[in-house]
Amino acid sequence: MSISSLLVPAILFFALGMFACLIKSDLKFPPDMHKMIVIYLLIGIGLHGGKALAGSDMGSALPAVWAALAFGCGLPIVAYIILRALGKIDPLNAAAISAHYGSVSAGTYMTAVAFLAGIGVTYEAYPVIMLAIMESPAIMIGLVLAGYSRRVLGGEVKADKGMMKHLIIDAFTNGSILLLFGSMAIGAAVSDASYHKIEPFFELIFMGALCIFLCDMGMEAGKRLSEFKSVGVFLVSFGIAMPLIGAVCGLFVGHFLLGYSVGGITLVTVLAASCSYIAVPPAMRLAVPEANPSFYLTLSLGVTFPFNVVVGIPSYYAAAQYLHATYYPW
Amino acid sequence: MSISSLLVPAILFFALGMFACLIKSDLKFPPDMHKMIVIYLLIGIGLHGGKALAGSDMGSALPAVWAALAFGCGLPIVAYIILRALGKIDPLNAAAISAHYGSVSAGTYMTAVAFLAGIGVTYEAYPVIMLAIMESPAIMIGLVLAGYSRRVLGGEVKADKGMMKHLIIDAFTNGSILLLFGSMAIGAAVSDASYHKIEPFFELIFMGALCIFLCDMGMEAGKRLSEFKSVGVFLVSFGIAMPLIGAVCGLFVGHFLLGYSVGGITLVTVLAASCSYIAVPPAMRLAVPEANPSFYLTLSLGVTFPFNVVVGIPSYYAAAQYLHATYYPW
Amino acid sequence: MSISSLLVPAILFFALGMFACLIKSDLKFPPDMHKMIVIYLLIGIGLHGGKALAGSDMGSALPAVWAALAFGCGLPIVAYIILRALGKIDPLNAAAISAHYGSVSAGTYMTAVAFLAGIGVTYEAYPVIMLAIMESPAIMIGLVLAGYSRRVLGGEVKADKGMMKHLIIDAFTNGSILLLFGSMAIGAAVSDASYHKIEPFFELIFMGALCIFLCDMGMEAGKRLSEFKSVGVFLVSFGIAMPLIGAVCGLFVGHFLLGYSVGGITLVTVLAASCSYIAVPPAMRLAVPEANPSFYLTLSLGVTFPFNVVVGIPSYYAAAQYLHATYYPW
Amino acid sequence: MVIPTDILIPMKRIEIVINEDSIDELLEMLHATDVRGYTVIKKAGGLGSTGMRDPDDYALKENNMIIVLACKEDQAKNVIMTIHPRLKDFGGMCLISDCQWTIGPAESY
Amino acid sequence: MVIPTDILIPMKRIEIVINEDSIDELLEMLHATDVRGYTVIKKAGGLGSTGMRDPDDYALKENNMIIVLACKEDQAKNVIMTIHPRLKDFGGMCLISDCQWTIGPAESY
Amino acid sequence: MVIPTDILIPMKRIEIVINEDSIDELLEMLHATDVRGYTVIKKAGGLGSTGMRDPDDYALKENNMIIVLACKEDQAKNVIMTIHPRLKDFGGMCLISDCQWTIGPAESY
Ligand SMILES: Nc1ncnc2c1ncn2[C@@H]1O[C@H](COP(=O)(O)O)[C@@H](O)[C@H]1O
Ligand SMILES: Nc1ncnc2c1ncn2[C@@H]1O[C@H](COP(=O)(O)O)[C@@H](O)[C@H]1O
Ligand SMILES: Nc1ncnc2c1ncn2[C@@H]1O[C@H](COP(=O)(O)O)[C@@H](O)[C@H]1O
Ligand code: NA
Ligand code: NA
Ligand code: NA
């Protein structure tokens, strides 16, 4: 893996976006453009995943599902403990931040896919299921942690069942999850001939569209990053340490429990290391209005996302390679 | 034609959109995205049609033109009579609804094209001319029917020549008609070498973009469908019966009068069975302000469009196949 | 070069847009669609240029840089003198208009690229550098001319250093310039394998997307053109004469000084003949608020741009061909 | 007042700012009070007791809507009394002021 | 009033809601009355005598525009008397109310 | 007034129109005066002393923003006195009028 192979266009466009933000350029993509590309990318990743799944053994998908649920439930608890014990972060902010780290970032996942494609590494069909599954459970855990925090704080805990129900329904009717699952189902259902007709749109031009998405994300990350002073040194360090903790879990699970190839391990690691900025923030805003959104948004968009895109992915890949070469258990 | 060949991605995405609406997902495509895809699809269908026409005998296009005019004028009158005689619908609502059934839906046409492409059936170049021509005449007939209705109602008929002129000009300067005719002309004019340069954008990725369009239309149809209670059983039945009546005419004309292949008959049938939701609604809103828009929009977007996409197209194709096999008159 | 080879789809779509405006069609593309396509095209042209530059001798790029700077500084002064001496245009309007003619129009450049591609003519890698460089210097010259004009007018010249600095910073952090330079850098940096992954999006479908852009520009030009009465005969003639003067300079420089091929000369000529409607108008609005925007916008968007697209490009190509054949100095 | 008063009708102008999510419920309540005209502005942002809302924000996607409605005083009372009990949950704000309706357009109030 | 009155000028605030299609004609009329400032909000929706208008509606695509304009009383009279005869055809609404202009920005009224 | 006055609080309504570029500075000033609520409308157009602004214009891309804010009179004074000196540079306009706040939503003023 030479340096030039690290120069994946998608990542360079991310850097370009951050640079534009840094030099205070007036570059700005229309907000609707962003929404459109996200819709397109989610459908593309779903279709591709669905097609791959259709050709693979569905029984073997079960371990991936379990792993996804374990990450979604376990990682927020780890995060909460670290934030409370080491950082003395107040309980409700800790709960809101933690929830983000149990969920995933489709943008990071797609960048990893682009990275692997760029260096010609293949991967299993199952991580995409994990991507779809991991969006929601963390939100539930976030709710539980927030409820626990309120009890700790001694405040009256209005057992807001309505809110709880509302959020659970939200978590499953959420637009991006629906698109992902829906297009996975469609990708799995259609015939090869039919799939070939839509492949040019959803696969051939996918990597290029991803570049534009990441350029926009770079600007967004840059904007958020500039607020990191208001967030403090501890939280910024947490925003880098937490994905590393997730990554260790991901590497372990991907290699020893799931037994995937290097590409597959990399993707599982990226999922465990990444942190949501789509489904979780609005849910936490609603469920934990006492928490400061600028904390979790700065961490998720301004620190963890760029860290994963620029530093994380190649490192996770290198680690997966090392692990695979060293502890090949079969 | 196996079941799996019916699973055209475009139609599945339509179903996904309706499903999203049904479960009250927060999935929502930006309104501008919809406008952009429509612009793209209209240009694509126009260019493709123009190119095909350039290579075919223009003299043979004339029967198609006549058929289009006949559908555009005849079907609204049939619809009006049914609505008045069987449904006791008040005259002005009947006029407004009728006009929609003489015009066409480019979305239905493109879905049919995707369906035929999916099962590898070819078709004549002429139906696309019919698509372009059929948008407008129905608006005129709608105006005439509305005038007649007002006279029937005995109200003073302010001979609003200004409005009439305004609408006729509108009907011919209408953006979508202009795009369709304009790109047909361009498709016919440019050299093959030039066309190949723009083909990847307008043809290669067409079917994929259509999926996104239909997903959005599914949500729109679902939204409208949910209002069907306010519309009543008779009108909903009409929204299913009328396309069938149109389809019978289309099958007859396509097979016996135009003598097209199975693919061509299918497209002619789809044109006769489909119903406008682009050009006609705003025109009727202006010309027949007394009519209730929720009637004609629910019928056109919520009943007839989904019926045609999900049930109609495959049935029309099966019928065309049967007709072609049975009454092959040459 | 037959007539049919002139029927480049991109130019025909430009004509369609103008036609739509002429017949007062309600055709209208969403404003965000325009912004999105511009972003896409700039990145596409930048990547392509960067890739080409990476494969060519960077030392030989220097003359192109000098030529770009010379055009950017020289042409506005020529324009200013003509406007003042022949047209008796008031100094501040003259300054604002002049600045536009030293800068370039990426839209015209891309149309020229489409034209050359359509007739299968190749060109050097360097003109794209000129495109990127020429955006800004003209703004500076415009500022100088405006300052000079104010002194001529005898008014107190508040030496607005803040504004000056602000505009210079703007000129270099300007979004479109950043996108162009940034994607040129990325195109030059990435490996061939990586580039091939994004090529379908940025190259394969480029020409088609350009058609939609030009259709929109045709409507914009048509809108502006309709205001030409308020601008007067002299200015309209200037809007046609000035690109011709620029073209003569471009032909001379491209052929005798830079020694490019016919395709390269054509592009250099187009750059010298074209006139900005992206970076310069907002800068002049800010820097010369006394000038009437409808003057420079009508000239740039309504006169010079359509003239270049429809008449200019093929003529410049023919002239380049003639020059190349006649005065081949090597 | 120099404008001939016979072309002006004294009215109330009600201006409501509310989270987009609650708009359906609010409009239903307005319809129930037989309001016959209002104007809606979408995609507004703002600051309030629940923090900032910015329709262009990438992650949070929270929009305000503004409803402006002109009506006669007794109908204004009607509207206010109807929505008043729900305002606590809606959040946002509801302002009333005096204005005059220029006679001319259809009486959509 | 606690705000020093020497930085406030009593004025009229005119607020017009109109179908987007009629905006050009309206603006021409305003320009004819030498109005020197107004603010325009596009893509508004609403309910009125001609039914609902929703800029995001897929099929009907009908938008309202809002024009807000602050001016001195005599100019307000001018504006109202000029557009009054056309309001019947424009539809929508035209409200007038009292306000105060804070001295400072260029006198664009 | 027929609406029970105990659910209404007399307030001031401040309406500022300003070039989008100056919005950050303005909002900072408002935050400095402890304003706790305002509503923002983006992408407005208009006419003023610096000419036309049309957010949909292809070449010039100049937008206005509208800020509406309701507050008690003393706070209104505060706001006006704070922004008054900068209004000359901001351009646009700043109007004040009387209104009444309907009690109910959180007191975000
Ligand atoms: N005092 C105020 N003036 C103007 N707008 C307000 C005010 N208070 C609240 N709002 C608007 O109402 C929205 C919701 O307010 P809240 O429910 O208090 O968060 C805010 O985002 C503002 O747009
Ligand atoms: N009473 C009212 N209050 C506020 N807006 C109104 C009122 N009446 C009409 N409008 C606005 O004016 C538009 C056109 O009204 P109309 O011409 O009566 O259909 C409506 O869509 C509303 O946006
Ligand atoms: N008299 C006025 N009434 C309403 N809006 C105004 C008025 N004067 C200025 N504006 C708004 O303020 C913006 C900037 O004004 P100016 O700085 O004078 O160019 C204009 O584009 C209008 O939107
Ligand atoms: Na509030
Ligand atoms: Na009205
Ligand atoms: Na002003």
Side-chain angles (χ1 to χ4, degrees), chain D residues 1-18 20 23-24 26-45 55 63-72 75-76 79 95-109, chain E residues 10-20 22 26 29 39-57 62-69 71-99:
Chain D
M1 163 139 213
V2 287
I3 307 177
T5 48
D6 58 329
I7 63 167
L8 298 179
I9 308 175
M11 281 210 177
K12 292 288 168 188
R13 177 182 187 274
I14 301 180
E15 181 175 23
I16 303 170
V17 177
I18 199 178
E20 230 180 44
I23 192 75
D24 286 338
L26 177 70
L27 290 186
E28 261 171 46
M29 292 172 80
L30 291 182
H31 290 227
T33 60
D34 285 328
V35 156
R36 291 193 295 151
Y38 53 77
T39 297
V40 176
I41 305 171
K42 289 189 186 176
K43 292 204 184 173
N63 294 3
N64 284 320
M65 289 186 106
I66 303 171
I67 294 101
V68 174
L69 100 94
C71 57
K72 293 251 172 104
Q75 202 173 358
V79 169
L95 304 179
I96 312 161
S97 59
D98 293 316
C99 70
Q100 295 188 286
W101 172 285
T102 312
I103 290 183
E107 296 178 2
S108 48
Y109 49 83
Chain E
M11 282 208 177
K12 292 289 170 188
R13 178 184 187 272
I14 301 180
E15 182 175 22
I16 304 170
V17 178
I18 199 178
N19 191 328
E20 230 179 44
S22 313
L26 177 70
M29 292 172 80
T39 298
V40 176
I41 305 171
K42 290 189 186 176
K43 292 206 184 172
L47 174 73
S49 57
T50 59
M52 292 282 263
R53 288 188 193 148
D54 176 2
D56 286 347
D57 186 80
E62 289 177 315
N63 294 3
N64 284 320
M65 288 184 106
I66 303 172
I67 294 101
V68 174
L69 99 95
C71 57
K72 294 251 172 104
E73 183 151 4
D74 49 351
Q75 202 174 357
K77 186 187 169 186
N78 225 335
V79 169
I80 297 297
M81 298 317 284
T82 309
I83 65 173
H84 170 60
R86 292 286 294 132
L87 283 178
K88 203 181 150 62
D89 300 314
F90 286 153
M93 73 170 188
C94 171
L95 303 180
I96 311 162
S97 59
D98 293 318
C99 70

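Letters A, B, ... mirror the listed sequences (proteins, then strands); counts begin at 1. Side-chain atoms are counted along with the backbone in the values below, which use heavy atoms only and exclude waters and symmetry mates.
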Greatest number of heavy atom pairs closer than 4.5 Å to chain E - which of D/Thr39, D/Leu30, D/Leu27, D/Ile67:
D/Thr39

Could you look at E/Ile66 and say if it's the side chain, the backbone, both or neither that has a heavy atom under 4.5 Å from chain D?
side chain

Kindly determine whether E/Arg13 and D/Arg13 satisfy side-chain contact (heavy atoms from CB on, under 4.5 Å), including the steps that lead there.
CA-CA 12 Å; E/Arg13 178 184 187 272; D/Arg13 177 182 187 274; 3.8 Å; yes

Given that the side chain runs from C-beta out, which part of E/Asp89 has a heavy atom under 4.5 Å from chain D: side chain, backbone, both or neither?
neither

Which one, E/Met81, E/Glu15, E/Met52, E/Lys42, leads in non-hydrogen pairs under 4.5 Å with chain D?
E/Glu15

Answer key: most heavy-atom pairs under 4.5 Å with chain D among E/Ile14, E/Leu47, E/Leu87 is E/Leu47

D/Val68 versus chain E, the contacting section by heavy-atom distance below 4.5 Å:
side chain

Taking E/Ser97, E/Cys94, E/Pro55, E/Ala76 one by one, which has the highest count of heavy-atom pairs under 4.5 Å against chain D?
E/Cys94

Identify which part of E/Arg86 has an atom lying under 4.5 Å from any heavy atom of chain D, answering side chain, backbone, both or neither.
neither

D/Pro105 and E/Met93: which non-hydrogen atoms are nearest, and at how many Å?
CG-CA, 4.0 Å

Answer yes or no: is there an ion pair linking D/Lys43 with E/Asp56, defined by an N-O contact shorter than 4.0 Å?
no

Which portion of E/Leu95 sits near chain D, non-hydrogen atoms under 4.5 angstrom:
both

